[in-house]
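Excluded from the calculations below are hydrogen atoms, water molecules and symmetry mates; all remaining heavy atoms, backbone and side chain alike, are included. A, B, ... follow the sequence lines: proteins, then strands. Residue 1 opens every chain.
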Amino acid sequence: MNLRHVTSINDLDNDEIEQVFALADRYLDKLKDADHPHRIGTSMDIADGSILASLFYEPSTRTRLSFEAAMIRLGGKAIGSADPATSSAAKGESLADTVRVASNYADVLVIRHPRDGAAKLAAEYADVPIINGGDGAHEHPTQTLCDLFTLRRENKQLKNLNVAVSGDLKGSRTIHSFVYALARFGANIMLMPAKGMELPPHVDWRLRNEYRCRAVPKERYDNAAMDALYVTAKQPHQLSLMAPPDFERTVKLKKGVDVVYVTRFQKERWTEQGQDYPKVDANFLKAAKYRKTSVLHPLPRVGELDASLDHDRRAVYFRQAAYGVPIRMALISLLLDLDKRNGWKKFERGFVESTHVLFDQPIDAGIECINSNCIVHDKLEHDYARSRFHLIEAEPPRLRCFYCERDIDSFIIANRKTRHYETNASARNFPNQKRAKDFVLFADAREAEKAGYTPRMSNRKTAAR
Amino acid sequence: MNLRHVTSINDLDNDEIEQVFALADRYLDKLKDADHPHRIGTSMDIADGSILASLFYEPSTRTRLSFEAAMIRLGGKAIGSADPATSSAAKGESLADTVRVASNYADVLVIRHPRDGAAKLAAEYADVPIINGGDGAHEHPTQTLCDLFTLRRENKQLKNLNVAVSGDLKGSRTIHSFVYALARFGANIMLMPAKGMELPPHVDWRLRNEYRCRAVPKERYDNAAMDALYVTAKQPHQLSLMAPPDFERTVKLKKGVDVVYVTRFQKERWTEQGQDYPKVDANFLKAAKYRKTSVLHPLPRVGELDASLDHDRRAVYFRQAAYGVPIRMALISLLLDLDKRNGWKKFERGFVESTHVLFDQPIDAGIECINSNCIVHDKLEHDYARSRFHLIEAEPPRLRCFYCERDIDSFIIANRKTRHYETNASARNFPNQKRAKDFVLFADAREAEKAGYTPRMSNRKTAAR
Amino acid sequence: MNLRHVTSINDLDNDEIEQVFALADRYLDKLKDADHPHRIGTSMDIADGSILASLFYEPSTRTRLSFEAAMIRLGGKAIGSADPATSSAAKGESLADTVRVASNYADVLVIRHPRDGAAKLAAEYADVPIINGGDGAHEHPTQTLCDLFTLRRENKQLKNLNVAVSGDLKGSRTIHSFVYALARFGANIMLMPAKGMELPPHVDWRLRNEYRCRAVPKERYDNAAMDALYVTAKQPHQLSLMAPPDFERTVKLKKGVDVVYVTRFQKERWTEQGQDYPKVDANFLKAAKYRKTSVLHPLPRVGELDASLDHDRRAVYFRQAAYGVPIRMALISLLLDLDKRNGWKKFERGFVESTHVLFDQPIDAGIECINSNCIVHDKLEHDYARSRFHLIEAEPPRLRCFYCERDIDSFIIANRKTRHYETNASARNFPNQKRAKDFVLFADAREAEKAGYTPRMSNRKTAAR
């Protein structure tokens with residue numbers, strides 16, 4: 001079986017994202033409402049007999065309804081569970097079991113869940129494609145597809161585009177998916193976080209190291225609101241991860257800010273009130289550099305984007321919302337191979353496995369994900385999730401949780417056979433995938449010793465590789 | 001764009017209501033269940049590819065399901081959000097934004113909301129037709145269409161029909177839509193309110209003044225339970241609002257009470273228990289005047305209509321419930337122009353604008369709607385609603401809230417240019433629509449003075465007109 | 001009208017159950033997913049234009065979604081109310097009224113309700129077929145259809161099959177439907193209850209007396225975990241209820257346990273934690289007698305079935321879950337006569353009335369059902385339910401609640417005309433159905449006397465019969 005899931009924007013390569021856009025363009029042209037050219041106004045029959053099920057463990061109206069509308073516009077039908085309190089989770093069922101069972105009820109599942117990495121766990125247990133409708137503070141890939149498609153429809157080429165992202169850069173899964181995509185397509189990213197809601201270090205690390213962004217020193221640009229600026233390399237590409245960054249480009253911000261992407265204060269993730277949360281209004285946008293900007297917002301907004309802008313020519317957010325339907329139609333169509341008679345081929349490859357070495361050990365035995373909101377820490381999933389980490393870098397060593405993609409840069413590796421652990425904090429030698437099962441990871445030497453491991457003698461040759 | 005919304009029963013004129021009935025008759029005849037002739041038992045395909053979305057901010061089973069069933073019986077599909085707690089409102093989104101976004105997901109939106117006037121606000125922001133599924137204590141127009149259709153199917157001509165309405169006449173939106181329609185079609189209305197739940201003064205005023213009803217003195221009829229009786233004019237007509245009432249008719253109640261319309265005690269709108277809430281049972285109906293009556297109830301009932309009546313030949317309420325589907329099919333069909341190939345033309349005109357002068361000023365600047373449950377007082381809508389009032393009458397002056405239709409009969413008008421306000425409590429002169437923007441309304445002189453206005457000198461000529 | 005409801009597994013006779021299986025087989029063969037042969041992967045159009053409505057008063061994901069998926073796979077559409085809090089019950093409406101009204105919105109209703117007997121009450125008021133989706137601790141007949149179908153697909157013949165049922169045998173409605181069906185098809189039933197969660201006495205009584213099961217003494221088998229063993233008669237048959245049991249068969253358990261059916265700890269029905277709740281895991285299954293067992297579980301599981309078994313060849317529960325869709329497709333198809341063009345005839349007879357004498361008296365007047373969770377004790381249903389009991393046996397006398405099927409073996413019968421009650425605790429004479437209305441039942445003599453009845457003189461002839 002060769003299932004294709006979309007748990008992260010990075011589950012789609014750039015060519016596939018372009019395919020989604022091309023098909024969304026086609027659906028929009030073909031099915032648009034005569035009175036509202038950004039809106040799908042009629043339906044096809046290519047999904048006749050297909051079912052989309054939405055399993056939503058967090059409140060949502062727009063994401064769920066836009067997926068259901070997309071499936072119906074394709075000719076299919078939608079079922080779902082909208083309320084955590086009336087779902088099987090209320091009876092204490094794991095997401096893993098729910099997904100396994102719901103695979104019998106639908107041809108594609110959309111999951112929204114409060115835990116980071118939930119969609120990835122779901123994908124491990126599903127018999128049908130999983131689409132991530134938002135998992136904790138991790139990612140929201142279909143929102144990012146809408147965002148990029150909106151920029152494209154506004155005739156904004158992503159390459160070298162200056163994109164400012166504003167507000168809650170820490171808890172907004174939408175931002176995380178978005179900045180990865182911007183970097184991959186060569187846009188420059190400007191950070192304008194609310195205080196205390198800066199981009200998480202692991203997202204920053206990925207931008208710099210995997211997508212070859214270069215952080216520009218504050219002296220090189222003039223914007224008090226801007227916390228950081230990433231300039232992307234000449235030929236960013238998913239496949240060239242970790243290649244040496246291409247630094248010949250110079251920073252060209254004179255042309256102004258092409259896009260301001262505003263996010264809401266996520267009261268459900270922050271207990272304290274968002275004081276001094278940045279507000280985008282007519283006053284903010286009066287600076288010359290915003291003259292040709294496009295203002296985007298994933299919506300809902302709760303005060304950070306002034307309603308008086310709604311009729312400003314720079315306001316793009318309602319068109320952005322409208323594009324949610326054609327984009328999701330295109331994604332569902334390609335995942336389920338619905339439009340093959342018109343020459344639209346299903347994504348060829350299956351779900352891409354990372355090429356990084358994967359360590360896989362039981363929860364409670366060794367190191368655990370440091371993200372307390374990771375799906376592996378959900379008690380209901382205890383028997384279904386494992387401590388799984390990719391080794392992203394060897395020197396300095398860096399692990400990444402398989403589910404929530406949070407990184408760990410301090411840990412100990414031990415050999416199950418020799419019962420020794422490496423004393424060197426910066427482990428120089430790691431096994432290949434084949435031998436990974438002979439090793440176990442610990443948070444620190446104390447944990448390793450508690451589990452009965454002893455330090456490897458310094459004069460011995462390193463066990464691994 | 002020429003959208004057609006149904007936020008009030010008065011958004012449809014009498015001819016249009018007759019069209020809805022004629023089409024509902026046709027659907028019922030064509031699609032009825034052989035075993036249950038009041039029930040639709042099969043489906044058409046004229047709405048193939050269309051989507052109805054229900055946005056329900058209050059609990060409901062029957063209204064939502066009957067709309068969804070109606071759309072499906074037409075061949076369309078339904079999506080929706082049934083639970084306020086899992087909706088975007090839970091994230092703090094305004095109804096205005098929700099409706100704008102949901103317009104991209106469906107071809108018609110049905111709104112239920114706890115605030116009076118919510119459907120009208122929604123209609124201002126929607127790109128597709130809005131149908132009011134009940135807004136606060138304001139109106140429930142599709143229930144009224146079912147009610148009138150039921151009477152018609154029972155061979156009861158509305159003209160001169162004696163209709164008693166019983167129970168909560170204050171908080172029941174169903175009653176408010178119903179009595180307006182009864183007056184418009186020439187029925188006589190008898191009020192049998194529960195204590196403290198009398199018909200609100202603004203509804204009474206509209207019956208007397210806009211629909212030319214005449215209140216009959218208590219001495220002229222003999223019914224202890226009856227609080228008031230309205231006899232409607234000879235040719236009541238929506239278009240002849242405010243014309244002098246036609247009083248030549250005499251009261252003919254000897255023929256008895258043709259209809260008793262019972263409403264439930266609305267525990268969600270009243271904090272105290274409904275003591276002495278009138279109960280309609282076999283004992284109540286044994287009076288001679290009820291011998292040929294039809295008992296209607298919008299359901300659900302919670303004790304005020306005795307189950308022992310269910311098999312009484314006068315009980316019509318279950319047929320009334322059954323007609324909810326064909327009526328809503330007909331309304332959706334006409335709003336969306338689904339049945340044109342069979343010669344059923346879409347309502348010709350767009351959403352009717354009132355011909356009364358409209359004052360439009362920001363909330364917080366001047367007079368506000370006196371109805372604390374009006375949608376304009378919902379904090380979430382603060383940036384999307386305005387203080388908007390129609391000038392219904394000049395002498396004595398009377399304003400009506402654009403959203404919730406609650407009237408205000410005491411206010412002050414001031415001229416923004418001269419910075420003077422009229423001292424005369426009964427303002428004699430008002431601007432026309434073109435000049436209305438030069439004026440501002442205040443609750444009283446004190447508020448006007450606080451805003452920097454001074455009284456107009458009595459010897460000057462009146463500023464307006 | 002000749003409606004057919006499925007409120008209990010006993011509403012279907014063995015031939016009808018076989019028809020459901022045969023049609024489910026056909027749908028599965030025809031529509032299966034190429035990659036997952038237990039899963040329906042495409043749709044038909046035989047239910048085009050039909051609507052299934054789910055009225056769920058208890059949380060559920062899988063049952064509701066599997067019914068909706070089944071209707072959609074047949075070509076129909078689904079609507080529903082998933083959340084008690086947003087339903088008409090929140091307004092205080094009775095199930096009876098809700099069902100009457102919802103009959104207008106759909107062609108078949110699926111009811112889930114926390115009260116025992118709710119589906120039976122619903123069936124009394126519905127104009128369309130009712131399917132019981134689980135009512136309190138009473139029954140869950142479609143789950144049982146899945147369970148039996150699963151065994152059949154696993155090539156396990158029910159006749160003489162050794163089936164162990166484990167866990168909460170008291171509160172699990174699934175178990176109650178299942179053991180009746182096992183007995184009817186001639187399987188042997190082994191009980192392995194959690195402590196305090198033994199099979200209720202009335203279910204035990206029915207197994208022994210109606211389905212002619214023989215309880216085998218503990219000495220005759222060797223299994224510490226087993227609380228009881230029922231061996232079924234040679235030719236069990238629904239129509240031969242109460243015939244003398246056929247005891248010639250000998251107990252043959254040497255062949256081992258063919259099926260272990262595990263049920264979850266139902267925290268919503270038990271206030272205390274389930275200490276020592278039996279857990280089925282690899283250790284449990286290592287005994288020789290479980291070598292060829294099939295492990296079933298209706299899911300969700302909450303710890304009583306170890307996830308490590310998921311890849312064990314004996315684990316059947318995920319296939320069992322997959323069969324939920326084809327089984328429900330077949331049942332809906334036969335109830336609604338959807339597949340007649342392919343020669344599948346609708347169940348011929350209507351809803352079967354019991355041949356036992358039925359006593360029918362108002363609640364509050366005489367004996368009441370002893371099951372405090374029976375639907376008749378729901379205040380909302382007070383005006384719609386009555387105290388209705390079938391006289392199951394005359395000697396010793398035994399009543400059974402018409403709704404929840406809980407039995408009463410101690411009561412008094414009184415004659416409304418003579419105003420006497422029978423002093424003999426074991427009433428020897430009962431009226432036939434025609435004369436039943438002349439009698440009234442009381443819990444005891446004291447209640448009868450309070451109602452003004454006096455003991456019948458011993459020398460008079462018995463009034464009844």
Legend entry - Arg73(B) versus Gly49(C), closest heavy-atom pair with distance: NH1-O, 2.8 Å

Inset, instruction - Kindly check if the number of other-residue, nucleotide or ligand heavy atoms within 6.0 Å of NZ (Lys279(B)) is above 12? - result: yes

Legend entry - Check: Arg62(B) and Glu93(C) side chains under 4.5 Å, non-hydrogen atoms: yes

Inset, instruction - Please report the closest heavy-atom contact between Ala69(B) and Ile79(C), naming both atoms and the distance. - result: CB-CD1, 4.3 Å

Inset, instruction - Side chain from CB out, backbone as N, CA, C, O: work out which of these in Ala53(C) comes under 4.5 Å of a heavy atom of chain B, or both, or neither. - result: neither

Legend entry - Part of Asp45(B) lying under 4.5 Å from any heavy atom of chain C: neither

Inset, instruction - Please examine the side chains of Asp107(C) and Arg39(B), heavy atoms only from C-beta on, and report whether any two atoms are closer than 4.5 Å. - result: yes

Inset, instruction - Show your reasoning for whether side-chain contact (heavy atoms from CB on, under 4.5 Å) applies to Ile40(B) and Tyr105(C). - result: CA-CA 8 Å; Ile40(B) 296 284; Tyr105(C) 306 155; over 6 Å; no

Inset, instruction - Hey, could you give me the CG/CG distance between Leu55(C) and Leu65(B), rounded to the nearest 0.5 Å? - result: 7.0 Å

Inset, instruction - Quick one: closest heavy-atom pair of Val101(C) and Ala321(B), and the distance? - result: CG2-CB, 4.0 Å

Legend entry - Residues Asp383(C), Arg301(B): salt bridge by 4.0 Å N-O rule: no

Inset, instruction - Run the salt-bridge test on Glu68(B) and Lys77(C) with the 4.0 Å N-O cut-off and return the result as yes or no. - result: no

Legend entry - Residue list, salt bridge (charged side-chain N to carboxylate O under 4.0 Å, His left out) with Arg319(B), at least two apart or on another chain: Glu154(B)

Inset, instruction - Go through Asp97(C) and Val302(B) one step at a time and tell me if the side-chain contact (heavy atoms from CB on, under 4.5 Å) criterion holds. - result: CA-CA 10 Å; Asp97(C) 269 8; Val302(B) 292; over 6 Å; no

Inset, instruction - Could you pull out the closest heavy-atom pair between Ala322(B) and Asn104(C), with the gap in Å? - result: CB-OD1, 3.1 Å

Legend entry - Residue among Ala78(B), Ser308(B), Ala307(B), Gly303(B) with most heavy-atom pairs under 4.5 Å to chain C: Ala307(B)

Legend entry - Polar side-chain atom of Arg100(C) near backbone of Phe318(B) as donor-acceptor pair, under 3.5 Å: no

